[in-house]
Amino acid sequence: MPSQKLSQLAETLIGSEIVKLGADIKAKMLQGEKIYNFTIGDFDSAIFPIPKELENEIVNAYRNLHTTYPPADGILELRTAVGSFIQNREGLQYNNNEILIAAGGRPLIYAAYRAIVDKGEKVIYAVPSWNNNHYVHFTEGQHIVIESKKENNFMPAAEEIKPHLKGASLLALCSPLNPTGTTFSKDELEAICDMVIEENTQRGADEKKLYLLYDQIYWTLTYGDTIHYNPVSLRPAMKEYTIFIDGISKAFAATGVRVGWALGPEVLINKMKAINSHLGAWAPMAEQNATAIYLLQTNEVDAYFNHFKSEIAERLQRIYEGFQQLKKEGFTVDAIAPQAAIYLTIQIDLVDKTTAAGKALTDQAEVTAYLLDEAKLAIVPFTAFGASAKSNWYRLSVGTCKKDEIDEMLKKLKAALQKLSK
């Protein structure tokens, strides 16, 4: 068959490493192997169902024939409910014209990139992080990549960002961060905001401002003493430059329900609305109506959060403690104490060790394969999120984790580690 030349974008777009890993996992499972699959940034709805009240409202919305096209910016009732929800829970004040509804966070991120970034313009983002590299590629922007460090819990530091601000169009941040489950400290986020404000003050009236894309889709899922901070609450002047990405996907285990929202300056929201209207990436009408009703049920939302968060926190904490015990026993593993989201950041340093079959593990890709083959443990390396090939850190997601399999998984991992020699 003759080759077919397609667009440069299509020809150069990088496939998802997580999808490739998922194919390997699926193949093993089809062969009857039991895999402890901690790769999925989603939920098993049998373990973490959406709130019953939300489910009932979705069913009622279909029965009430809410099946037509929604308005391009989302139904008024939902935008009003979102405004009330974030004001009551975060203290953020946004009117209906500063809120855009879409089918989850992804089309909103895409629309924000498209509305802000021109070809060749600088986009600053840290790695590991989710999909910024692909969105920069879509817009043909200039990648300004900061590889964050363990010392900062893999969150980018203000001093790392500062040298790159001149001439940049977009700074893309996420907190709590996918893939690490870690968050910005108040001081660090304040320092970043101050730099953005200073940079924009220096730009002329006819110059494009530096915008901050702040993905906070996991902000409701914090544990222990962790506090979620946002730029606009810390520095009100940031409201002019900040675009929030948020929604129900992670807060209510509702990834497939597809209701997300962006908050931002009205002029930018209008441009994003126009872009999204051509894509047709609207949240479904029935789900919008249901979410508008549910978000205002304060007692029911609180009850859901209390149970949901405690279940996730228990899983994260137990696995974290298991890794700390393995570390104490002398194995070359580590983990960062859980802070937020559904992720645990773990380290597995096995390069240059030798398997029982006499094979040397020469790089991290071989380590990942060994963990899958020998421990039946599937986790996502930070390399899939843009980190260097030498990174020995991983994302472990508990969205599909059964509590009764945690000890079993840790035991299997320990056995695999014991089989290795120096």
Side-chain angles (χ1 to χ4, degrees), residues 14 109 112-180 182-216 229-245 264-265 268 336 345 382-393:
I14 302 168
I109 296 172
Y113 266 86
R114 280 293 185 198
I116 295 168
V117 181
D118 282 318
K119 182 177 180 179
E121 290 186 337
K122 291 164 58 176
V123 179
I124 306 166
Y125 63 95
V127 294
S129 66
W130 178 81
N131 266 18
N132 282 301
N133 57 329
H134 300 301
Y135 290 112
V136 177
H137 184 77
F138 276 131
T139 53
E140 299 183 83
Q142 180 184 350
H143 299 256
I144 305 298
V145 184
I146 299 165
E147 182 144 11
S148 49
K149 303 177 181 68
K150 181 203 172 184
E151 292 72 28
N152 298 326
N153 286 331
F154 293 103
M155 301 299 292
E159 63 181 15
E160 295 172 319
I161 295 170
K162 187 173 184 177
H164 307 292
L165 292 178
K166 285 291 175 202
S169 292
L170 185 65
L171 169 61
L173 302 177
C174 177
S175 182
L177 178 61
N178 180 4
T180 64
T182 54
T183 60
F184 278 116
S185 69
K186 181 173 181 286
D187 290 346
E188 202 65 57
L189 188 55
E190 284 178 334
I192 293 170
C193 291
D194 288 341
M195 292 191 314
V196 172
I197 293 169
E198 181 183 5
E199 173 62 26
N200 281 326
T201 301
Q202 294 173 359
R203 296 191 182 189
D206 58 343
E207 287 185 85
K208 183 185 290 184
K209 298 300 184 183
L210 169 62
Y211 287 93
L212 170 59
L213 180 73
Y214 200 72
D215 181 349
Q216 61 168 22
Y229 296 101
N230 74 75
V232 176
S233 293
L234 295 179
R235 295 289 187 269
M238 284 297 296
K239 187 174 182 182
E240 185 179 348
Y241 314 122
T242 302
I243 181 75
F244 286 101
I245 304 298
L268 177 56
I336 293 176
T345 291
F382 274 10
T383 54
F385 301 99
S388 71
K390 293 183 178 181
S391 174
N392 52 27
W393 292 87

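In this text the structure is predicted, and so the values were computed from the model without any measurement.
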Asks: Identify the two heavy atoms, one from P128 and one from L177, that lie closest to each other, and give their separation to 0.1 Å.
Replies: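 That would be O-CD2, 3.7 Å.
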Asks: What verdict does the side chain to side chain contact (heavy atoms under 4.5 Å, CB included) test give for V196 and R235, after you've listed the backbone C-alpha separation in whole Å, the side-chain angles of each residue and the deciding distance to 0.1 Å?
Replies: CA-CA 11 Å; V196 172; R235 295 289 187 269; over 6 Å; no
Asks: First locate atom CZ of F138, then atom CD1 of I109, and finally report the distance between them rounded to the nearest 0.5 Å.
Replies: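 The CD1 atom of I109 is 12.0 Å from CZ of F138, to the nearest 0.5 Å.
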Asks: With distance as the sole test, does N153 use its side chain to make a donor-acceptor pair with the main-chain N or O of M155 at under 3.5 Å?
Replies: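 No; zero donor-acceptor contacts below 3.5 Å.
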Asks: First locate atom NZ of K119, then atom OG1 of T139, and finally report the distance between them rounded to the nearest 0.5 Å.
Replies: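 Here the interatomic distance stands at 11.5 Å.
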Asks: Provide the closest heavy-atom pair for S388 versus E147 in the form atom of the first, atom of the second, distance.
Replies: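 Looking at all heavy atoms of both residues, the shortest contact is N-OE2, 3.0 Å.
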Asks: If I compare all heavy atoms of L189 with all of P231, which pair ends up nearest, and what's the gap?
Replies: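 For L189 and P231, the tightest heavy-atom pair comes out as CD2-N, 3.9 Å.
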Asks: Do N152 and E160 have side-chain heavy atoms sitting under 4.5 Å apart?
Replies: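 When only atoms from C-beta onward are counted, E160 and N152 do touch, with a gap below 4.5 Å.
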Asks: Does atom CD of E159 have more than 12 heavy-atom neighbours from other groups under 6.0 Å away?
Replies: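 Incorrect, the count does not exceed 12.
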Asks: If you take all heavy atoms of I243 and G264, which pair is closest and at what distance?
Replies: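 Residues I243 and G264, closest heavy atoms: CD1-CA, 3.9 Å.
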Asks: Is there a side chain to side chain contact (heavy atoms under 4.5 Å, CB included) between F385 and N178 once you walk through the steps?
Replies: CA-CA 9 Å; F385 301 99; N178 180 4; 4.1 Å; yes
Asks: Test your reading of the model: is there a side-chain donor-acceptor pair from K162 to the backbone of M195, 3.5 Å cut-off?
Replies: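 Here the side-chain-to-backbone pair does not exist.
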Asks: Short question: side chain of S233, backbone of N230 - any donor-acceptor pair under 3.5 Å?
Replies: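 No, because the side chain of S233 does not come within donor-acceptor range (under 3.5 Å) of the backbone of N230.
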Asks: Indicate yes or no: at least one non-hydrogen side-chain atom of L165 is less than 4.5 angstrom from one of E198.
Replies: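 No, too far: nothing below the 4.5 Å cut-off.
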Asks: Would you say that L171 contacts I192 through its side chain, given a criterion of any heavy-atom pair below 4.5 Å between the two side chains?
Replies: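 SC-SC contact between L171 and I192 confirmed.
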Asks: Return the CG to OH distance between D187 and Y229, rounded to the nearest 0.5 Å.
Replies: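 Going from CG on D187 over to OH on Y229, the span is 8.5 Å.
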Asks: So which atom in G386 and which in V127 form the shortest heavy-atom distance, rounded to 0.1 Å?
Replies: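 Closest heavy-atom pair between G386 and V127: O-CG2, 3.5 Å.
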Asks: When you compare the side chains of Y113 and N132, does any donor N or O come within less than 3.5 Å of an acceptor on the partner?
Replies: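 Yes - a donor-acceptor pair under 3.5 Å links their side chains.
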Asks: Can you find a heavy atom in the side chain of V123 that is under 4.5 Å from one in the side chain of Y135?
Replies: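 They are not in contact (no side-chain heavy atoms under 4.5 Å apart), so the answer is no.
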Asks: Is there side-chain contact between S169 and D118, with at least one heavy-atom pair below 4.5 Å?
Replies: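 In short, these two side chains do not touch, never coming nearer than 4.5 Å.
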Asks: Please find out if less than 6.0 Å separates the ring center of F382 from that of F154.
Replies: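 Under 6.0 Å, so yes.
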Asks: With a 4.0 Å cut-off on N to O distance, would you call K208 and E121 a salt bridge?
Replies: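 So K208 pairs with E121 through a salt bridge.
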Asks: When you compare the side chain of N133 with that of Y125, does any pair of heavy atoms fall below 4.5 Å?
Replies: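 Yes. Closest side-chain heavy atoms under 4.5 Å.
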Asks: Restricting to non-hydrogen atoms, name the atom on E240 and the atom on Y211 that form the minimum distance, rounded to 0.1 Å.
Replies: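 That closest heavy-atom pairing would be O-CE2, 3.8 Å.
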Asks: Is any side-chain heavy atom of R203 closer than 4.5 Å to one of L210?
Replies: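 The answer is yes; the side chains approach within 4.5 Å.
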Asks: Within the 4.5 Å heavy-atom criterion, are W393 and I336 side-chain neighbours or not?
Replies: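 Yes; the side chains approach each other to less than 4.5 Å.
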Asks: Find the distance between CD1 (I124) and CG (L212) and round it off to the nearest 0.5 Å.
Replies: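 Answer for the CD1-CG pair, I124 versus L212, is 10.0 Å.
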Asks: What is the distance from atom CG of L234 to atom CD of E190, rounded to the nearest 0.5 Å?
Replies: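 So the gap between those two atoms works out to 5.0 Å.
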Asks: Would you please classify the geometry between the Y214 ring and the F244 ring as parallel, tilted or perpendicular, with 30° and 60° separating the classes?
Replies: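 Perpendicular: the ring planes of F244 and Y214 meet at over 60°.
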Asks: Please check: side-chain N/O of K209 versus main-chain N/O of N200, any donor-acceptor pairing under 3.5 Å?
Replies: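 Yes; judged by distance alone, with no hydrogens or angles, the pair exists.
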